[in-house]
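Every heavy atom of this structure was used, including side-chain atoms; hydrogens, water molecules and symmetry mates were not.
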Amino acid sequence: TVGYHFFVKKISPTINPLVSITAIYMAVLAICIPILLLFPIQGGLVTHMKQLGWVQLGIAGAIILMELGFLLMYRQGWDLSVGNVVTGVVINIILMAVGLGVLKEQLTLINIVGIILSMIGVAMISYRRS
């Protein structure tokens, strides 16, 4: 994760973000194929390929939006030390809402206190004196 944010921040501001993301995932594919040989596929590749579905497509869409969001955030001048913390807290609050609403998870009092402290922390971290 540290390497990810460091390198995303270093992407040239003149390259089209989607060209950059496409190149990144072409490199991921080129790296994953040889590594796949180190992990034996029980039942064969075709058996596993048949199990692919809408979840992988959903993850792909989410990854593209996440990559684009971080890339554009850093291009807008967010500091490496602040941007990830702020987005992390916001993401976790949204995931908490999804967990409560969709997955019927429960919150404890200590969870609620933690959420409040996180929101206070984000406000303090992202505060910029004019």
Would you say [X] and [Y] are hydrophobically clustered, going by side-chain heavy atoms of ILVMFWY under 4.5 Å?
X: V85; Y: L72; value: yes
X: I64; Y: M26; value: no
X: I59; Y: Y4; value: yes
X: M66; Y: V82; value: yes
X: L57; Y: L29; value: no

Discussion item. Tell me if the CD atom of Q51 is crowded by more than 12 foreign heavy atoms within 6.0 Å.
Written reply: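 Result for CD/Q51: enclosed.
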Worksheet entry | Other residues, nucleotides, ligands: >12 heavy atoms within 6.0 Å of Q106 CD |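 No.
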For [X], side-chain hydrogen bond (donor to acceptor under 3.5 Å, both in side chains) partners two or more places apart:
X: H48; value: none
X: T108; value: N111
X: T47; value: none

Worksheet item: Does anything in residues 90-102 pair up under side chain to side chain donor-acceptor pair (under 3.5 Å), and if so which pairs, sequence neighbours excluded?
Response: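 Found none.
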Item to complete: With sequence neighbours excluded, give me every side chain to side chain donor-acceptor pair (under 3.5 Å) pair touching residues 19-32.
Response: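 Of all non-adjacent pairs touching residues 19-32, those that pass side chain to side chain donor-acceptor pair (under 3.5 Å) are Y25-E67.
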Practice prompt. Using a 4.5 Å cut-off on heavy atoms from C-beta on, say whether the side chain of I11 contacts that of I24.
Written response: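 In short, these two side chains touch, coming nearer than 4.5 Å.
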Practice prompt. Share the residues that join I41 in a hydrophobic cluster, the rule being Ile, Leu, Val, Met, Phe, Trp or Tyr side chains under 4.5 Å apart at the heavy-atom level.
Written response: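 Besides I41, the hydrophobic cluster comprises L36, L45, M49, L52, listed by chain and residue number.
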Worksheet item: If you group Ile, Leu, Val, Met, Phe, Trp and Tyr whenever their side-chain heavy atoms sit less than 4.5 Å apart, what else falls in with I35?
Response: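 ILVMFWY cluster around I35 also holds I31, L38, F39.
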Just to verify, what does [X] make a side-chain contact (heavy atoms from CB on, under 4.5 Å) with, not counting sequence neighbours?
X: I116; result: I112, I120
X: M73; result: F70, W78, T87
X: V19; result: I15, N16

Worksheet entry | Smallest separation among heavy atoms of L80 and F6, with atom names |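 Distance-wise, the nearest heavy atoms are CD1-N, 4.1 Å.
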Worksheet entry | S12 versus R75, closest heavy-atom pair with distance |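 Minimum heavy-atom contact is O-NH2, 2.8 Å.
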Pair up each side-chain donor or acceptor in residues 93-103 with any protein partner under 3.5 Å, not counting sequence neighbours, and list the distances.
none

Practice prompt. Assess whether side chain to side chain contact (heavy atoms under 4.5 Å, CB included) is satisfied between I115 and L107, documenting all intermediate values.
Written response: CA-CA 10 Å; I115 291 164; L107 284 181; 4.2 Å; yes
